[in-house]
Engineer: 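Have a look at this one.
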Protein chains: 2
Amino acid sequence: MKSGVTMRDIADKLGISVVTVSKALSDKEGVGEELKRKIKELASEMGYRMNVMAKAMKEGYTYNIGIIVAERFTGVSPSFYQQFHQHIVKSLEEYRYSAILHILSAQDEEQFVMPWIYQEKKVDGFIILGHIHKSYIEMLHQADTPVVFLDFYTDQERMDTVITDNFYAMYEMTNYLINCGHRKIAFVGNLYSTSSIQDRFLGYYKSLLEHNLKLDERYIINDRDERGRFIDIQLPDEMPTAFVCNCDQVAYELMIVLKANGYKIPDDCSVVGFDNDIFSTLCEPKLTTVEVNMPEMARVAAKFMIKKVTNKSSSFGRVLIKGKIIRRESVKKL
Amino acid sequence: MKSGVTMRDIADKLGISVVTVSKALSDKEGVGEELKRKIKELASEMGYRMNVMAKAMKEGYTYNIGIIVAERFTGVSPSFYQQFHQHIVKSLEEYRYSAILHILSAQDEEQFVMPWIYQEKKVDGFIILGHIHKSYIEMLHQADTPVVFLDFYTDQERMDTVITDNFYAMYEMTNYLINCGHRKIAFVGNLYSTSSIQDRFLGYYKSLLEHNLKLDERYIINDRDERGRFIDIQLPDEMPTAFVCNCDQVAYELMIVLKANGYKIPDDCSVVGFDNDIFSTLCEPKLTTVEVNMPEMARVAAKFMIKKVTNKSSSFGRVLIKGKIIRRESVKKL
DNA sequence: CTGAAAGCGCTTACAG
DNA sequence: CTGAAAGCGCTTACAG
């Protein structure tokens, strides 16, 4: 299994030209069936491997996509986005594209430093995973390179983004609770923290509106400070029968507080989460939650990316992917 | 910020040759200071970006390294290896190398299918993350491409690998327990499951030997079946004063069993783990454990990789990186 | 100090 | 059906 084999070598051995070898190997027309067969056979016999870079240079593509994720999401606790990255790799593979991960440092983000893989023309475009600064996005749009966002959006124009339908999922989840007979339902999450939490809250609110239930301010419970750090959860004076938490980890923390105060779950109160991450199965009882459809989101983002690479002017806007309610044991039918 | 700018454009505008531009931009000698300055200035003004692929093709490098991880490690629960991948990206960056993640499917692994990024010559070598089949490794070695292993080793020859010093870390941890006055110390883990568990067990055993403590078979407690699935942990009839667990998750499970049987931690028995992962802080009390030095391991693996790319004949063998004991609240001084 | 020539390994028109 | 020519954007000897 030598490496140095080129089309030249194959051509020479067969006494033909590289043009013919090139055509045969990529199944282009203009080569006799018999000759084509011979070429392919010899190629595999000699352990020929196509040098895609050479092809790429001729065509002007790199067949690489940069995946950008902000450093702050890559801390000690393995995040959500690492899972996403893997799904993107899988999806890009189907187009024979590779993914190159680029971790955007806080410094580069603030000082508007373009990723070096852009500077070196190593990628045909970027998929941005999660939140990054608005002005950095602005700069990205200025540069002539296709960009698709995943799991994040802003009100900026020309933004192609694939996101979970947070709003609809929480709307459905709250409907489910109401169908189970709950009427006093609290929401746990800081409404001013992230866009996701806001959308989830709004879905919860829509469900209340639709069922003529009043939004009670005392039932909006804070879970984190402005900087996103979790704070101790304060239970309301008058207890609701169900808690809608903006994520599984908060639901997990809430359950600890509830138990510490002598409440039984789901007998005294029901709890639901969002994300279907490790915390949802670490709880006792296991948590009813919403699963984000990562494979589908990655697939769509990859598809958009490839289309934008091929046709720079194509645009898709804001695409919502539905989540799925996972029913476990943390909800009681009243 | 246009993209199409090449050295040709810069040269034409200055009425000089591309050769001179090339030399100036890569700081090679043979260009006057004044001209060099001018060239660099114009380059940045025109928004020139080096086409590394062209350079790469000339030199015969791709400046990409493939990171291979078996599909079974990429399941639902975000694994250890995703963290590793990020550290490798960071380390390779310092050599201006990019990482391309390749998830090796079970099928490809069994049928000895080389990664398509190898077939397409997109990478200069591979870093293998975690366990893969011996015969696949054999094939990898047959192919003329540099390979470095990370967090995994076998007895195969010519294997360059960077691993945690499981043996030494568990030896130190057991010493620590003994220094705290413990004499009856159990080990929790299936000795026939993974190489890591074996090494950790052996470190524990060495510490016992050194302190003239007998290895008691009843104190080797199984935690998983042959297929690696966790089983219910059986406490021994006569209780030890401390448990050395092969990983944090098992320590976490053990704590649940201990508490269910009315034992207080660390008052009735101490527990230690390994990995310093999420389970170590989810426990109550928080777990004393061993932290793997991922950044350092990634750094060394990257360094080896680059050296092997530059000089195919270089080899490093089996390199051990020390772990670090993280002391928390799960151990009591007797 | 500066540049014309050749080449990295392919592909795309264009002839024959 | 087959191939000579030109070119993708660089760099590496080698001349001047």
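In what follows, chains are A, B, ... by sequence order, proteins preceding strands, each numbered from 1. Since we're looking at a predicted model, the values are computed, not measured. Basis for what follows: all heavy atoms, side chains included, without hydrogens, waters or symmetry-related copies.
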Engineer: How many whole angstroms separate atom CD1 of Ile16(B) from atom C1' of dT2(C)?
Structural biologist: 9 Å
Engineer: How is Gly32(B) classified with respect to the nucleic acid when contacts are heavy atoms under 4.0 Å: base, sugar-phosphate, or nothing?
Structural biologist: sugar-phosphate
Engineer: Measure the distance from CE on Met53(A) to C1' on dC8(D) and round it to the nearest whole Å.
Structural biologist: 12 Å
Engineer: Does the distance from a Lys or Arg side-chain N to an Asp or Glu carboxylate O, for Arg72(A) and Glu109(A), drop under 4.0 Å?
Structural biologist: yes
Engineer: Name the nucleic acid region contacted by Met50(A), choosing base, sugar-phosphate or nothing; use a 4.0 angstrom heavy-atom cut-off, strictly under.
Structural biologist: sugar-phosphate
Engineer: Do we see a donor-acceptor contact under 3.5 Å between the side chains of Asp9(A) and Tyr48(A)?
Structural biologist: no
Engineer: Tell me what Met7(B) touches on the nucleic acid: a base, only sugar-phosphate, or nothing, going by heavy atoms under 4.0 Å.
Structural biologist: sugar-phosphate
Engineer: Charged N to carboxylate O under 4.0 angstrom, Lys38(B) versus Glu33(B)?
Structural biologist: no
Engineer: If you compare every side-chain N and O of Lys28(B) against the phosphate oxygens of dT12(D) (OP1, OP2), does one of them come in below 4.0 Å?
Structural biologist: yes
Engineer: Round to a whole Å and report the spacing from NZ of Lys58(A) to P of dA5(D).
Structural biologist: 16 Å
Engineer: Within the 3.5 Å criterion, strictly below it, is a donor on Lys122(B) or Ser98(A) matched to an acceptor on the partner's side chain?
Structural biologist: yes
Engineer: Would you kindly give the CG-to-P distance between Leu25(A) and dG3(D), to the nearest whole Å?
Structural biologist: 15 Å
Engineer: Would you write out the dot-bracket form of DNA chain D, 5' to 3', with Watson-Crick and G-U pairs under 3.5 Å, [ ] for crossing pairs, | for pairs to other strands and . for unpaired bases?
Structural biologist: |||.||||||||.|||
Engineer: Rounding to a whole Å, what distance do you find between Asp9(A):CG and dC10(C):C1'?
Structural biologist: 13 Å
Engineer: Using only modelled atom types and a 3.5 angstrom limit, is any donor from either the side chain of Lys23(A) or the base of dG3(D) paired with an acceptor on the other?
Structural biologist: yes
Engineer: Ser17(B) side chain N/O closer than 4.0 Å to the phosphate oxygens (OP1, OP2) of dT2(C)?
Structural biologist: no
Engineer: Can you find a side-chain donor-acceptor pair between Ser105(B) and Gln107(B) that sits under 3.5 Å?
Structural biologist: no
Engineer: Indicate the ring-plane relationship of Phe126(B) and Tyr118(B), choosing parallel, tilted or perpendicular according to the 30° and 60° boundaries.
Structural biologist: tilted
Engineer: Given that Val19(B) and Ala54(B) both sit by DNA chain C, which one's nearest nucleotide is further toward the 5' end?
Structural biologist: Val19(B)
Engineer: Would you kindly compare Leu35(A) and Arg8(B) by the position of their nearest DNA chain D nucleotide and give the one closer to the 5′ end?
Structural biologist: Leu35(A)
Engineer: Where each residue is assigned the nucleotide of DNA chain C containing its nearest heavy atom, which of Glu59(B) and Glu33(B) is assigned the position nearer the 5′ end?
Structural biologist: Glu33(B)
Engineer: Can you measure Glu34(B) atom CD to dT2(C) atom P for me and round it to whole angstrom units?
Structural biologist: 10 Å
Engineer: Rounding to an integer number of Å, can you tell me how far Asp12(A) CG sits from dG3(D) P?
Structural biologist: 12 Å
Engineer: Checking side chain to side chain donor-acceptor pair (under 3.5 Å) for the pair Asp124(B)/Thr62(B): CA distance, chi angles, key distance, verdict?
Structural biologist: CA-CA 6 Å; Asp124(B) 295 334; Thr62(B) 67; 3.0 Å; yes
Engineer: Roughly how many Å is it from CD in Glu120(A) to P in dT11(D), rounded to a whole number?
Structural biologist: 11 Å
Engineer: Any chance NZ of Lys134(B) has more than 12 other-residue heavy atoms, nucleotides or ligands included, within less than 6.0 Å?
Structural biologist: yes
Engineer: Taking only the side-chain nitrogens and oxygens of Tyr48(B), find out if one of them lies under 4.0 Å from OP1 or OP2 of dC10(D).
Structural biologist: yes
